[in-house]
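Owing to the predicted nature of the structure, the values given are computational and were not obtained by experimental measurement. For this chain, numbers begin at 1 and follow the sequence in order.
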Amino acid sequence: MTTHAPQAAQAVTLPATLDEAVAALTVMPAAVPVAGGTDLMTAVNSGQLRPAALVGLGKISEIRGWQYQDGHALLGAGLTHARMGRPDFAALIPALAAAARAAGPPHIRNAGTLGGNIATAAPTGDALPVLAALEATLIVAGPGGARRELPVSHLLAGMEMLRAGELIGYVRVPLLHAPQVFLKATGRTGPGRAVASVALVLDPARRGVRCAVGAIAPMPLRPLEAEQWVAQLIDWDNNRAIVPEALNAFGEYVAAACIPDPVPAEDGSVQQLPPAVLHLRRTVAALARRALGRALS
């Protein structure tokens, strides 16, 4: 995993169950849980992190698959990006599969996990805007076999945090059985970190549109007013038809909501956004427009 030798010996625990992992973290509060290690080892190699102990999650089979539960998919936190990118998973949650396939080169997709993407909460995490748009929730395992549920968006926004000894066990995602799209723009050709990303899902049962924009802020952004506005323009009874002008306006609405103009000064003057920020806003607008167009086509 790394070519750098650690500065000091580390205790490594390899539990076989989720509750064993929680117990290990309870006994060793300074220990760091590790699954794929794609972010952890980067921090270790750069000298930013020297964990006193590690709790490896790779042998916990119960969190490496998924199951169906009351119209939802219960996804194990140990699911790798490579596994989520396969056709059978793509038929279940298309946008999350698309995000998994875009997560990086093969060695990253083979190692990186869904739970790690959430726990690290890097702004460029590809799964995060998809989970925000799907309004997914987390099943968190705690000491003594305790389980509690919290929205993914709450964790990412810092409204609720993992407590001592807790681990993300599962991610609960509603199965909408409707078009879903994930698109991202990178700074170079091929797999890479997102400059901006957009996840968009349709909810025909509620005649709603859900959109989340990633990578441009510390957490995914939901342009709720833009969602509600465009949902009223879709002809849900006629093959979800919409006029082309509405697609363009939706993209601009989303971009302006996520990257607003500067607040006017006291003298009424308005400072212009820097060229780089204007380019980013145009990128978000294009991604949102294309995402909605593909979902409705």
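- The structure places CG of Leu138 at 11.0 Å from NE2 of His154, a figure rounded to the nearest 0.5 Å.
- Between the side chain of Arg64 and the backbone N or O of Gly58 there is at least one donor-acceptor pair closer than 3.5 Å.
- The ring pair (Phe, Tyr, Trp, His ring centres under 6.0 Å) check on Trp229 picks up Tyr253, with sequence neighbours excluded.
- Ile60 shares a hydrophobic cluster with Leu18, Val22, Leu25, Val27, Met28, Val55, Leu57, Ile63, Leu74, Ile139, Leu167, Tyr170; the chain of contacts runs through ILVMFWY side chains whose heavy atoms sit under 4.5 Å apart.
- A donor-acceptor pair under 3.5 Å is formed between the side chain of Lys184 and the backbone N or O of Ala102.
- Nearest heavy-atom pair, Ala291 versus Leu183, reported as atom, atom and distance to 0.1 Å: N-CD1, 3.6 Å.
- Within the structure, salt bridge (Lys or Arg N to Asp or Glu O under 4.0 Å) pairs that include any residue of residues 267-280 do not occur (at least two apart or interchain).
- Under a 3.5 Å cut-off, the side chain of Glu20 and the backbone N or O of Pro15 do not form any donor-acceptor pair.
- For the atom pair CD1 of Ile216 and OG1 of Thr283, the computed distance is 10.0 Å after rounding to the nearest 0.5 Å.
- Panel note: side chain Glu166, backbone Arg163; a donor-acceptor pair is recorded below 3.5 Å.
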From CA spacing to verdict: side chain to side chain contact (heavy atoms under 4.5 Å, CB included), Val209, Leu202: CA-CA 5 Å; Val209 175; Leu202 300 183; 3.9 Å; yes
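- To the nearest 0.5 Å, the span separating CG on Leu287 from CG on Leu200 amounts to 11.5 Å.
- A heavy-atom distance below 4.5 Å is found between the side chains of Pro262 and Leu273.
- Of all the heavy atoms in Leu114 and Ala127, the pair that sits closest is CD1-CB, 4.1 Å.
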Test Cys211 against Val198 for side chain to side chain contact (heavy atoms under 4.5 Å, CB included), laying out the working first. CA-CA 7 Å; Cys211 177; Val198 169; 3.9 Å; yes
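- Taking the side chain as every heavy atom from C-beta outward, Val181 and Val201 never approach each other to under 4.5 Å.
- Note that OG1 of Thr113 is 6.5 Å distant from NE2 of His81, once rounded to the nearest 0.5 Å.
- Applying the salt bridge (Lys or Arg N to Asp or Glu O under 4.0 Å) criterion to Asp261, with sequence neighbours excluded, gives Arg281.
- Residues that satisfy the salt bridge (Lys or Arg N to Asp or Glu O under 4.0 Å) test with Arg147, not counting sequence neighbours, are Asp19.
- Annotation: side chain of Leu79 is in contact with side chain of Phe89 (closest heavy-atom distance under 4.5 Å).
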Apply side chain to side chain contact (heavy atoms under 4.5 Å, CB included) to the pair Ile118 and Leu155, showing each step before the final yes or no. CA-CA 9 Å; Ile118 299 168; Leu155 180 67; 3.8 Å; yes
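- Counting only distance, with no hydrogens or angles, the side chain of Trp236 and the backbone of Ala231 share a donor-acceptor pair below 3.5 Å.
- Between the side chain of Arg210 and the backbone N or O of Leu134, at least one donor-acceptor pair lies under 3.5 Å.
- No single ILVMFWY cluster, assembled from side-chain heavy atoms under 4.5 Å apart, contains both Val130 and Val254.
- Under the salt bridge (Lys or Arg N to Asp or Glu O under 4.0 Å) criterion, Glu160 pairs with Arg148, not counting sequence neighbours.
- To the nearest 0.5 Å, atom CG of residue Asn117 and atom CG of residue Leu128 are 5.0 Å apart.
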Might you work through the side chain to side chain contact (heavy atoms under 4.5 Å, CB included) test for Leu162 and Val140, ending with a clear yes or no? CA-CA 8 Å; Leu162 295 180; Val140 177; 3.8 Å; yes
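- Between atom CE of residue Met219 and atom CE of residue Met159 there is a gap of 9.0 Å, rounded to the nearest 0.5 Å.
- Evaluation of the salt bridge (Lys or Arg N to Asp or Glu O under 4.0 Å) test over residues 230-249, restricted to residues two or more places apart or in two chains, returns Arg207-Asp237.
- Residue pairs satisfying the salt bridge (Lys or Arg N to Asp or Glu O under 4.0 Å) criterion with at least one member in residues 211-227, sequence neighbours excluded, are listed as follows: Glu135-Arg222, Arg222-Glu227.
- Residues satisfying the side chain to side chain contact (heavy atoms under 4.5 Å, CB included) criterion with Ser153, sequence neighbours excluded, are Pro151.
- For Gln69, the side chain to side chain donor-acceptor pair (under 3.5 Å) partners two or more places apart in sequence, or in a different chain, are Arg172.
- Here ring-ring contact (aromatic ring centres under 6.0 Å, His included) pairs that include residues 115-148, with residues two or more places apart or in two chains, number zero.
- Residues in residues 75-88 take part in these salt bridge (Lys or Arg N to Asp or Glu O under 4.0 Å) pairs, two or more places apart or across chains: Arg83-Asp88.
- Taking 4.5 Å as the limit, every side-chain heavy atom of Thr137 sits out of range of all side-chain heavy atoms of Val171.
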